[in-house]
Participant: 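Questions regarding the structure given below will be posed in turn.
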Amino acid sequence: MSKHQNKGNRNRLIDGFGREHSYLRISVTDRCNLRCFYCMPHEGIEWLDKSKLLNFDEIERLARVFVSMGVEKIRLTGGEPLVRKELPRLVERLSAIEGLKYLSMTTNAMLLEQYAEAIAEAGITHLNISLDSLKPDRLEKITGRDCFDPVMKGIGKALAVGFPSIKLNVVMIAGVNEDELFDFIEFVKDKPVNVRFIEFMPFRNNDWNIERVLSYKEMLERIETRYSLSPLKAEPSAVAKDYALTGAKGTVSFVTSMSDSFCGSCNRLRLTSDGSIKSCLFYPAEVSLRDAIREGGSDKKIEDLIQYCLGKKPEAHPPAEEIAAAENRAMIEIGG
Ligand code: SAM
Ligand code: SF4
């Protein structure tokens, strides 16, 4: 990846509230090899026809346009990004983009044993791995698949490969896995891993209700009954509240989208696997960049559409109950 800064490349991704956008999350597929109940709606989703997905040329072209406008960090997500055929080739192409400083990925680790080395070599430096339980039976209930062994092997492989940053994403849900807070801390204590407890967010038919949200404050209080945590300094646009754990290699964070939203400093944009730009996870409006490309649109046309979408970005997302009642794509369709 180019270590060069985009010298003289002023960030042009500024919305109506003065927020600069330097982080793009690209979903490379809506398919997944797991069925986490909080992400995939009960009724399932209608998989996109392959022809509707952005191909690698289109993804690279859009990534270049975004980087030229000020994006410095790209995260590949999905669905499950590693089910997209030949993903390491895409990683290689993106990591060669001049001005891009970080290329990261979020994965469920099912295929990580197979791909960890290839994606590290191709340029992924920051890896987020999702794991909601350390109990095999419970993990199967949450994900709909018997997946504990491949996931743990994948995590082991990622640690052996030694990515500069490994984070463990745990969606904490009251009555589901809240009794594992301490187990997860024990799991990362002796590893160079940041465990991130994520508040449960509402999406279409995902069994969300406010009683099932375990807030960051509740989690922190419980953890502090047994461990000593000290706050770490955060970047202004950070979504997580980070803590060091006394005497441990691992660190602990909380992603507080529900109890303490970070809209005021949001620097994120999302590109869905079918090529639509979304300015906010919880705002249904989208603009198709894929259609513009396929109609022969110039880079200038793409930039104009991105600016149009940014111009519509809301100041903040609505309260949780309103989000739960609104029409939006499911998380698996958007890309988390
Ligand atoms: N399949 C990959 C994975 O699971 O890591 C990447 C896509 S997944 C949509 C990205 C992240 O979103 C995962 O860490 C997942 O736990 C999180 N996520 C999905 N639905 C969520 C919800 N309702 N509330 C909070 N986090 C959620
Ligand atoms: Fe698949 Fe990730 Fe959603 Fe689970 S959270 S269903 S692994 S996309």
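Since we're looking at a predicted model, the values are computed, not measured.
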Participant: When you compare the side chain of Met69 with that of Ile306, does any pair of heavy atoms fall below 4.5 Å?
Facilitator: yes

Participant: Would you say the side chain of Phe262 lies within less than 4.5 Å of the side chain of Ser257, judging by non-hydrogen atoms?
Facilitator: yes

Participant: Using the rule given for side chain to side chain donor-acceptor pair (under 3.5 Å), can you reason through Ser104 versus Lys73, listing the C-alpha separation, both sets of side-chain angles and the distance that settles it, and then say yes or no?
Facilitator: CA-CA 8 Å; Ser104 57; Lys73 176 173 173 182; 4.9 Å; no

Participant: For His317 and Phe282, take the angle between the two ring planes, folded into 0 to 90°, and tell me which bin it lands in: parallel under 30, tilted 30 to 60, perpendicular over 60.
Facilitator: perpendicular

Participant: Are side-chain heavy atoms of Asn194 and Val188 found at a separation under 4.5 Å?
Facilitator: no

Participant: Is there a side-chain contact between Asn267 and Ser22 in this structure, where contact means two heavy atoms from C-beta onward sitting under 4.5 Å apart?
Facilitator: yes

Participant: Between Phe17 and Lys313, is there a cation-pi geometry (under 6.0 Å to ring centre, at most 45° from the normal)?
Facilitator: no

Participant: Atom OH of residue position Tyr308 - does it have more than 12 heavy atoms of other residues, nucleotides or ligands inside 6.0 Å?
Facilitator: no

Participant: Check this for me: does any side-chain nitrogen of one of Lys217 and Glu221 sit under 4.0 Å from a carboxylate oxygen of the other?
Facilitator: no

Participant: Go through Arg75 and Thr106 one step at a time and tell me if the side chain to side chain donor-acceptor pair (under 3.5 Å) criterion holds.
Facilitator: CA-CA 7 Å; Arg75 173 171 300 278; Thr106 303; 3.1 Å; yes

Participant: Got a second to check how far Ile173's CD1 is from Arg212's CZ, nearest 0.5 Å?
Facilitator: 6.0 Å

Participant: Taking side chain as C-beta onward, heavy atoms only, is Met172 less than 4.5 Å from Phe200?
Facilitator: no

Participant: Are side-chain N/O atoms of Glu199 and Ser215 paired as donor and acceptor at under 3.5 Å?
Facilitator: no

Participant: Can you tell me if CD on Glu303 sees more than 12 non-hydrogen neighbours from other groups inside 6.0 Å?
Facilitator: yes

Participant: For the hydrophobic clusters of this structure (ILVMFWY residues joined by side-chain heavy atoms under 4.5 Å, transitively), does one cluster hold both Leu103 and Phe66?
Facilitator: yes

Participant: With respect to Ile129, which candidate in Ile155, Val193, Val170, Leu159 satisfies the side chain to side chain contact (heavy atoms under 4.5 Å, CB included) definition?
Facilitator: Ile155

Participant: When rounded to the nearest 0.5 angstrom, what is the spacing between CE in Met40 and SG in Cys32?
Facilitator: 7.0 Å

Participant: So how far is it from Leu111 CG to Leu87 CG, rounded to the nearest 0.5 Å?
Facilitator: 10.5 Å

Participant: Would you say CD of Glu46 has more than 12 non-hydrogen atoms from neighbouring residues, nucleotides or ligands within 6.0 angstrom?
Facilitator: no

Participant: Give a yes or no on whether Ile14 and Leu24 share a hydrophobic cluster (residues Ile, Leu, Val, Met, Phe, Trp, Tyr; joining criterion: side-chain heavy atoms under 4.5 Å apart).
Facilitator: no

Participant: If I compare all heavy atoms of Lys85 with all of Phe56, which pair ends up nearest, and what's the gap?
Facilitator: O-CZ, 3.4 Å

Participant: To the nearest 0.5 Å, what is the distance between CG (Asn108) and CG (Asn169)?
Facilitator: 11.0 Å

Participant: Does Lys189 qualify as a cation-pi partner of Phe187, given the criterion of NZ or CZ under 6.0 Å from the six-membered ring centre and within 45 degrees of its axis?
Facilitator: no

Participant: Can you check side chain to side chain donor-acceptor pair (under 3.5 Å) on Thr272 and Glu333, steps first, answer last?
Facilitator: CA-CA 7 Å; Thr272 62; Glu333 297 169 304; over 6 Å; no

Participant: Using 4.0 Å as the upper bound for N to carboxylate O, is an ion pair formed by Arg89 and Glu86?
Facilitator: yes

Participant: Looking only at side-chain N and O atoms, does Asn205 offer a donor or acceptor that is under 3.5 Å from a partner on Glu43?
Facilitator: yes

Participant: Find the distance between OG1 (Thr251) and CZ (Arg196) and round it off to the nearest 0.5 Å.
Facilitator: 10.5 Å

Participant: Can Arg93 and Asp57 be said to form a salt bridge (charged side-chain N to carboxylate O under 4.0 Å, His left out), step by step?
Facilitator: CA-CA 9 Å; Arg93 291 173 68 165; Asp57 289 340; 2.6 Å; yes

Participant: Judged by modelled atom types alone, do Ser273 and Asp30 share a side-chain donor-acceptor pair under 3.5 Å?
Facilitator: no

Participant: I want to check something: taking the side chain as every heavy atom from C-beta on, are Met219 and Leu181 in contact at a cut-off of under 4.5 Å?
Facilitator: yes

Participant: Would you mind reporting whether Leu269 and Lys278 have side-chain heavy atoms less than 4.5 Å apart?
Facilitator: no

Participant: Which atoms form the tightest heavy-atom contact between Glu113 and Lys153, and what is the distance?
Facilitator: OE1-CD, 3.7 Å

Participant: Can you hop from Leu134 to Val252 via hydrophobic side chains spaced under 4.5 Å?
Facilitator: yes

Participant: Just by distance, no angles: are the side chains of Ser133 and Asn177 close enough, under 3.5 Å, to form a donor-acceptor pair?
Facilitator: no

Participant: Among side-chain atoms of Tyr227 and Glu186, is any donor-acceptor pair under 3.5 angstrom?
Facilitator: yes

Participant: Let me see the working for Glu180 and Arg138 under salt bridge (charged side-chain N to carboxylate O under 4.0 Å, His left out), right down to the final yes or no.
Facilitator: CA-CA 11 Å; Glu180 291 190 66; Arg138 182 178 283 172; 2.7 Å; yes

Participant: Just how far is it from atom CE of Met105 to atom CD1 of Ile74, taken to the nearest 0.5 Å?
Facilitator: 12.0 Å

Participant: Which heavy atom of Asn33 sits nearest a heavy atom of Arg145, and at what distance?
Facilitator: O-CG, 3.6 Å

Participant: So, are Asp304 and Lys300 salt-bridged, with charged N and O less than 4.0 Å apart?
Facilitator: yes

Participant: Looking only at side chains, do Arg35 and Thr143 share a donor and an acceptor under 3.5 Å apart?
Facilitator: no

Participant: Could you tell me whether the side chain of Glu218 reaches within less than 4.5 Å of the side chain of Glu178, counting heavy atoms only?
Facilitator: no

Participant: One pair to check against salt bridge (charged side-chain N to carboxylate O under 4.0 Å, His left out): Lys241 and Asp260. What are the steps and the verdict?
Facilitator: CA-CA 10 Å; Lys241 296 179 173 49; Asp260 184 9; 2.9 Å; yes

Participant: State plainly whether one hydrophobic cluster holds both Leu232 and Leu168, where clusters connect Ile, Leu, Val, Met, Phe, Trp and Tyr through side-chain heavy atoms under 4.5 angstrom apart.
Facilitator: no

Participant: Is the gap between the ring centers of Tyr38 and Phe203 under 6.0 Å?
Facilitator: no

Participant: Mind checking whether Tyr283 and Leu305 sit in one hydrophobic cluster, side chains of I, L, V, M, F, W, Y counted as touching below 4.5 Å?
Facilitator: no

Participant: Give me the one residue out of Leu54, Leu76, Val83 that meets side chain to side chain contact (heavy atoms under 4.5 Å, CB included) with Val28.
Facilitator: Leu76

Participant: Under 3.5 Å, is there a donor on one side chain and an acceptor on the other for His42 and Asn206?
Facilitator: no

Participant: After noting the C-alpha distance and the side-chain angles of Tyr102 and Tyr23, does the key distance pass the ring pair (Phe, Tyr, Trp, His ring centres under 6.0 Å) rule?
Facilitator: CA-CA 9 Å; Tyr102 304 97; Tyr23 183 10; 9.3 Å; no

